[in-house]
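Accompanying notes for the structure given below.
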Amino acid sequence: MLDARTVLTVGDLELDVELAVGDGEVVALLGPNGAGKTTVVRALAGLAPLEAGHVRVDDRTLDDPSRGTFVPPEARPVAVVFQDHLLFPRMSVLENVAFGLRSRGVRRHEARDAARAWLDRVGLADRTSDRPAQLSGGQAQRVALARALVTEPRLLLLDEPLAALDATTRLQVRSELRRHLDGLSGARLLVTHDPVDALVLADRLVVLERGRVTQSGTPAEVAARPASRFVADLVGLNLLHGAAAGEHLVRLPAGGELVVAEPPPAGPLALAIRPQAVALHRTAPEGSPRNAWQATVVEVEGSGDRVRVTLGGSVPLTAEITAASAAALGVVPGERGWATVKAVDVDVYPS
Amino acid sequence: MLDARTVLTVGDLELDVELAVGDGEVVALLGPNGAGKTTVVRALAGLAPLEAGHVRVDDRTLDDPSRGTFVPPEARPVAVVFQDHLLFPRMSVLENVAFGLRSRGVRRHEARDAARAWLDRVGLADRTSDRPAQLSGGQAQRVALARALVTEPRLLLLDEPLAALDATTRLQVRSELRRHLDGLSGARLLVTHDPVDALVLADRLVVLERGRVTQSGTPAEVAARPASRFVADLVGLNLLHGAAAGEHLVRLPAGGELVVAEPPPAGPLALAIRPQAVALHRTAPEGSPRNAWQATVVEVEGSGDRVRVTLGGSVPLTAEITAASAAALGVVPGERGWATVKAVDVDVYPS
Amino acid sequence: ALPALTGACGGGEAGDADELVVLAAASLTDAFGELGEVFEDQRGVAVTFSFGGSSSLREQILEGSPADVFASASPGPMADLVEAGAVGDPVTFATNRLQIVVPAGNPGGVRDLGDLARDELLVGRCAPEVPCGEVARRVLEEAGVDAAPDTEEPDVRALLVKVAEGELDAGLVYVTDVRSAGDRVEGIDLDEAGATTDYQMAVVAGSARSGLASEFVSLVRSRRGQQVLQSYGFSEP
Amino acid sequence: MNPSAPPPRREVRHRAPLVLVAPALLALGFLLLPLVGLLQRAPWSDLGPLLGEPIVTDALRLSVLSATAATVLSLAVGVPLAWLLARVPFRGRSVVRALVLLPMVLPPVVGGAALLFALGRRGLVGEPLHEATGFLLPYSTWGVVAANAFVAMPFLVVTVESGLRGADRRLEDAAATLGAGRWTVLRRVTLPGALPAVLAGAALCWARALGEFGATVTFAGNLQGRTQTLPLAVYLALESDREAAIALSLVLVAASLAVLIPLRDRWMR
Amino acid sequence: MNPSAPPPRREVRHRAPLVLVAPALLALGFLLLPLVGLLQRAPWSDLGPLLGEPIVTDALRLSVLSATAATVLSLAVGVPLAWLLARVPFRGRSVVRALVLLPMVLPPVVGGAALLFALGRRGLVGEPLHEATGFLLPYSTWGVVAANAFVAMPFLVVTVESGLRGADRRLEDAAATLGAGRWTVLRRVTLPGALPAVLAGAALCWARALGEFGATVTFAGNLQGRTQTLPLAVYLALESDREAAIALSLVLVAASLAVLIPLRDRWMR
Ligand SMILES: Nc1ncnc2c1ncn2[C@@H]1O[C@H](COP(=O)(O)OP(=O)(O)OP(=O)(O)O)[C@@H](O)[C@H]1O
Ligand SMILES: Nc1ncnc2c1ncn2[C@@H]1O[C@H](COP(=O)(O)OP(=O)(O)OP(=O)(O)O)[C@@H](O)[C@H]1O
Ligand SMILES: [Mg+2]
Ligand SMILES: [Mg+2]
């Protein structure tokens with residue numbers, strides 16, 4: 001169980017993050033580059049001493065300036081997967097993975113067996129005798145992962161542990177990791193930029209921006225009601241801001257208006273709209289959708305059999321349609337057309 | 001324009017890759033970890049001399065063992081973004097980015113202005129005087145990107161240049177990059193694990209596996225007809241293998257059979273099925289779908305408002321359904337139910 | 001504090017007309033320093049000394065480093081040079097007597113050569129290869145004392161330091177060395193004959209100023225010169 | 001590294017383990033105890049007047065100058081040599097690498113003699129040089145510099161070479177792909193990275209040169225104001241006045257401290 | 001690094017730039033020319049019989065032994081000291097760092113005298129030691145080792161320290177998070193990384209000790225088979241028979257090459 005408030009300054013970033021991770025819980029720490037995620041990890045591991053606040057694991061205080069307590073990294077029950085791997089270049093892959101157990105006093109051959117088992121799990125059984133310099137980026141990252149996981153710590157800190165993995169390996173390692181995490185009793189913190197990683201692996205998300213926590217909750221909550229552009233982009237939702245302008249009406253800064261299902265609360269509002277809920281038409285549509293407006297195609301991004309269309313104009317949105325209908329409609333940047341959204345598809349909440 | 005055949009051995013990987021990248025073309029090099037992507041990049045840059053084959057840029061031969069030609073890296077018109085950044089630790093961020101121009105003889109202040117401009121583009125205008133050690137992972141990667149792009153080379157090699165970027169920055173940098181690449185006249189090679197990056201940025205995909213090219217073509221072609229599990233996973237398609245077993249019938253190794261629209265060609269077949277085309281039902285369904293079978297839910301992965309359901313059994317597939325219907329059907333690992341696929345949704349081609 | 005060092009003072013490049021370059025054994029530092037001043041007063045010619053071990057001086061001359069006079073602490077190096085035709089006829093201008101040197105207060109209670117054979121004492125002398133060692137060997141043989149030394153110093157200086165520090169109870173060195181070591185050591189005269197070595201000097205062949213050079217030699221051999229030398233403990237040949 | 005970055009508010013003291021501290025202190029004691037002994041014996045009263053003596057000031061000036069000159073020289077040619085040994089594979093490299101150490105192995109007097117054989121008036125190179133230009137190294141301050149450089153350069157070369165080997169080759173690769181030639185790479189990437197080694201090498205070289213005695217006296221002679229360095233003065237002082245000798249050594253020590261402390265302080269962080 | 005990994009089939013020669021090669025060759029010439037001179041003057045005929053003489057074999061054996069012992073000693077205590085200077089911040093560290101260099105600056109004879117002041121029969125530590133145990137360093141082979149270590153250890157310490165500074169601290173952090181104490185970190189992560197520096201330091205230390213002369217003679221004296229090292233023998237030979245002296249120096253040179261070439265060959269890649 002982790003209970004921490006990390007207050008420290010690196011460069012001109014003033015970090016102040018409260019974190020609580022229960023036993024067996026996996027918390028994903030998300031945030032823009034430079035938000036302070038790695039710094040939090042370093043602080044929890046004891047590599048960056050706190051200026052204020054505290055770090056407690058299983059009610060043991062590891063760092064607390066006010067009380068002058070500081071437990072050095074080597075004495076903490078933690079393990080870290082570093083963003084840049086930091087494998088030991090002069091050791092073989094096997095020695096790297098066995099290192100944690102060895103330096104915690106496990107006998108050589110036991111440590112090596114455990115290490116081998118883990119290297120096998122991450123699909124590197126055949127690279128045990130190589131040096132890190134002989135590994136590819138993704139292989140190195142998997143070794144780093146194995147090196148941390150093999151020590152079964154009370155607090156596991158994973159800093160973008162899957163960033164360098166290819167699609168297939170990622171699927172395998174991710175479910176491998178998930179299975180392992182489910183098995184662990186300690187607290188786990190996962191730093192990632194990949195929403196899928198977060199959604200698949202984490203029980204709870206904590207969003208860090210400019211050194212502060214801006215949102216936290218279950219994946220569903222966060223995904224449904226993003227509090228910031230960052231989260232919206234992350235989960236691929238459209239996020240608009242506006243204010244109530246009538247019983248069922250919300251006015252946007254850009255000038256556009258949207259009809260919504262329930263009467264909107266007063267004050268500044270956030271509107272979340274799934275790209276799939278935005279339909280496109282060549283001509284002004286008739287029928288059910290309560291919101292319809294003319295829009296200009298700004299950008300078209302294809303992925304697989306779906307196409308994401310970025311729309312400009314009074315209601316800046318991204319629509320997601322099938323490649324087929326995109327072709328049918330002839331959607332190309334610069335084109336003008338009509339966009340519609342059902343009132344029920346506009347999710348309104350205070351921001 | 002790049003025309004290369006890189007033949008070399010690293011460790012026990014024997015690499016033999018033919019690559020042709022036209023002027024103004026962007027080719028994405030995809031492949032599993034350890035496939036040899038970075039090695040290809042190193043070979044093209046002159047950091048790993050060829051054992052056979054050749055490297056030609058704009059009809060100038062840079063490496064050709066048979067002719068004993070070898071142009072050292074510093075004399076090649078290339079620029080590289082390295083997978084692990086490799087920023088110069090003793091230089092400021094600005095000096096890092098200006099380095100390429102400086103060592104190509106550009107005057108100091110010009111070089112610095114150009115560098116500043118690029119740092120601005122990647123959103124790091126305020127970090128010019130920092131040392132690399134003071135940057136976050138994503139910031140470092142953006143500096144590396146700027147450092148390479150500022151020296152408009154004839155051959156640009158990008159090795160996973162966006163892997164460490166957060167969602168928002170990624171969108172910005174990606175379109176920034178795309179705009180820049182469109183502007184360049186040289187040949188560009190992009191190594192990535194992110195299908196979206198590939199689809200958005202690349203004109204053509206080359207898939208590398210175990211040191212050999214296994215598939216290449218436009219994103220659409222590759223995405224539609226994956227030649228390997230890797231590509232299938234990459235674009236999120238189901239890929240099955242089987243053989244014709246009747247006029248409209250294909251038998252799968254696992255024993256299952258699928259009805260297909262057109263008469264299948266003879267010989268080994270590949271079947272691609274979009275996860276969205278797979279429907280799930282509690283009870284045996286009546287009606288149009290020609291393929292219906294009982295399946296067991298193996299794994300359920302939620303992302304956003306969609307859920308990917310991995311099915312076991314005689315026809316191992318992944319189905320993608322809305323979170324709503326997933327809830328309605330009560331899809332959980334271990335459950336048994338019915339799956340259906342329309343014959344027309346099964347894309348058959350020789351493998 | 002430094003009579004010796006305040007002596008010579010360098011002029012222009014070695015080889016100037018108004019400068020005499022004298023290579024001399026280190027043990028002559030003080031005496032020659034004084035004589036150098038005298039010479040300058042008399043002849044108005046600057047004398048530049050280069051003091052060092054006789055053997056490194058020999059190397060310099062053999063390798064043609066410009067010099068006018070060479071003064072050796074022993075016949076050996078001089079002989080090499082004569083053989084090589086690098087110097088003119090050498091003359092013996094002084095001798096140096098061997099003395100037993102003991103730390104101030106003579107903790108070992110040493111009285112004569114015989115005591116050097118006492119096992120409980122730490123005794124040092126010069127190595128047989130160097131003049132003072134060669135003489136010491138001779139003397140001890142004649143006196144019939146077989147004193148296995150605890151150390152055979154290649155260099156009087158090293159021996160003196162040890163005695164002065166009380167690291168040795170007794171040693172055999174030259175009178176001049178005992179004097180220079182000041183009051184931290186005491187010297188005990190030997191009555192044995194032949195406890196002496198010859199100091200030789202010669203004009204270097206091809207000296208640009210052989211005239212001046214031989215004048216310096218004769219100054220050293222003059223009454224005045226001998227007085228100065230004796231004031232530092234040397235004896236007449 | 002970056003002045004704008006504030007130091008961590010809180011310096012956390014890790015306790016240093018005894019298994020390391022104990023031997024370290026032992027080493028320190030062993031190296032410093034003799035100096036203490038020296039200080040004990042020092043004639044503090046004479047120290048003041050002594051420093052006034054022209055012969056001392058001459059010798060001190062000459063020592064510092066020649067040691068510095070030798071170090072600069074060594075840097076100028078020794079660093080390239082180190083680079084050659086560290087980066088350019090050629091046949092017999094390991095032999096050359098060992099040969100570079102030899103000047104350290106030779107007894108100083110022999111070293112000096114060897115220098116005479118090479119650069120003396122009758123020397124391999126010295127003779128033609130002398131006949132052509134009339135220039136003569138022995139007895140000249142340049143001779144002292146040469147002797148110092150000969151004895152001290154190996155320390156620089158070996159230390160810098162090890163530093164270059166320690167450096168990260170991948171950074172050099174990166175620099176090359178950015179169009180930097182090997183010279184630029186060395187100057188802007190490798191050396192800055194190996195700075196600690198270069199400084200250590202320079203310090204070793206300088207200190208060794210400052211203390212050089214045997215080779216100098218044999219090769220360059222012992223002429224006050226021209227070739228008489230402080231160690232030579234000490235050697236002569238030992239003849240006549242051992243107090244003065246100790247005092248002079250302390251001057252030497254003080255001089256070196258005066259140079260080394262600020263230097264390494266400035267750079268070694 | 002990894003035996004299983006085959007070397008690149010094709011060694012591509014980058015041309016080394018003249019701006020680097022020229023000075024490098026200059027340095028090499030300067031360092032090796034004197035040796036050539038030495039070889040020229042060498043009495044090859046006497047060399048054979050000379051090597052038979054017990055006085056030579058004794059001296060050679062003693063030299064190699066004591067130099068090696070001094071190096072081992074220096075490694076044992078010098079590496080921890082280097083670590084202390086490189087990693088543990090304490091007040092006056094920069095002073096200590098400079099003090100460590102002093103034994104190099106002292107003229108050998110003075111250094112030897114200083115050792116006597118400290119470890120001699122009447123020395124600060126020597127006297128109590130002698131009275132308690134009757135053990136006496138001077139005139140014993142251990143005295144030679146002590147003198148060698150005193151003069152040579154600084155080279156090791158400084159070189160290793162620079163190596164440790166060059167090492168990547170983040171790797172040490174990573175090791176710490178894996179539960180490794182500072183001793184383990186040093187042993188398994190830092191030192192292996194700084195291996196080139198350690199080897200260079202050891203080589204410098206050994207070579208310097210092998211050539212040590214002044215301090216040894218002053219502190220330990222000179223007695224065949226017990227304290228007479230090869231440099232002492234050379235010095236003495238120089239007095240009587242310079243041919244022999246040169247020959248002996250060559251023996252010294254050969255011995256050091258015989259040790260250094262294979263050693264650095266083995267490790268320095
Ligand atoms: N040693 C340092 N000195 C000065 N500034 C620093 C230092 N280390 C980090 N920073 C700054 O602190 C901020 C947070 O860095 P951190 O590495 O924690 O970000 P991050 O959330 O991990 O970002 P990323 O997702 O790119 O890894 C960044 O702006 C970085 O520039
Ligand atoms: N110096 C080397 N010695 C031995 N094997 C090596 C060396 N460098 C790379 N390899 C091996 O060659 C293969 C290809 O490595 P490479 O880095 O090109 O893979 P990659 O395609 O870039 O993988 P990733 O997507 O993880 O970056 C890997 O299996 C790697 O282990
Ligand atoms: Mg980070
Ligand atoms: Mg790679």
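Keep in mind the model is a prediction, meaning the values are calculated, not measured. A, B, ... follow the sequence lines: proteins, then strands. Residue 1 opens every chain.
Listed here is the closest heavy atom pair of E/P138 and C/E167: CG-OE1, 4.1 Å. Residue C/P154 comes nearest to E/V217 through the heavy atom pair CD-CG2, 3.1 Å, listed as atom of the first residue, atom of the second, then distance.
Contact annotation: the side chain of C/D150 never approaches that of E/L223 to less than 4.5 Å [non-hydrogen atoms, C-beta and beyond]. Between C/E165 and E/R122 there is no side-chain heavy-atom pair separated by less than 4.5 Å. Using a 4.5 Å cut-off on side-chain heavy atoms (C-beta onward), E/L136 and C/L122 make contact. Looking only at side-chain heavy atoms (C-beta outward), E/Y139 and C/K162 come within less than 4.5 Å of each other.
With rounding to the nearest 0.5 Å, the separation of CG in E/L232 from CD in C/E153 is 9.0 Å. One distance of note links CZ of E/F219 with OG1 of C/T151; it measures 12.0 Å at 0.5 Å rounding. Residue E/N222 holds its CG atom at 11.0 Å from CG of C/L159, rounded to the nearest 0.5 Å.
Using a 4.5 Å cut-off between heavy atoms, C/L62 contacts chain E through its side chain alone, with no backbone atom that close. With a 4.5 angstrom heavy-atom cutoff, C/E59 touches chain E only via side-chain atoms. With a 4.5 Å cut-off on non-hydrogen atoms, C/R157 does not touch chain E at all.
The candidate with the highest count of non-hydrogen atom pairs below 4.5 Å against chain C, out of E/L236, E/T227, E/L116, is E/L236. Chain E forms the most heavy-atom pairs under 4.5 Å with one residue out of C/G166, C/A158, C/G76, C/P131, and that residue is C/G166.
Checked for salt-bridge contact, C/E63 and E/R41 meet the test: a charged N lies under 4.0 Å from a carboxylate O.
One N or O on the side chain of C/R58 and one on the backbone of E/L238 form a donor-acceptor pair closer than 3.5 Å.
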Margin query: One pair to check against salt bridge (charged side-chain N to carboxylate O under 4.0 Å, His left out): E/R121 and C/D169. What are the steps and the verdict?
Written below: CA-CA 11 Å; E/R121 187 170 58 163; C/D169 298 308; 2.9 Å; yes
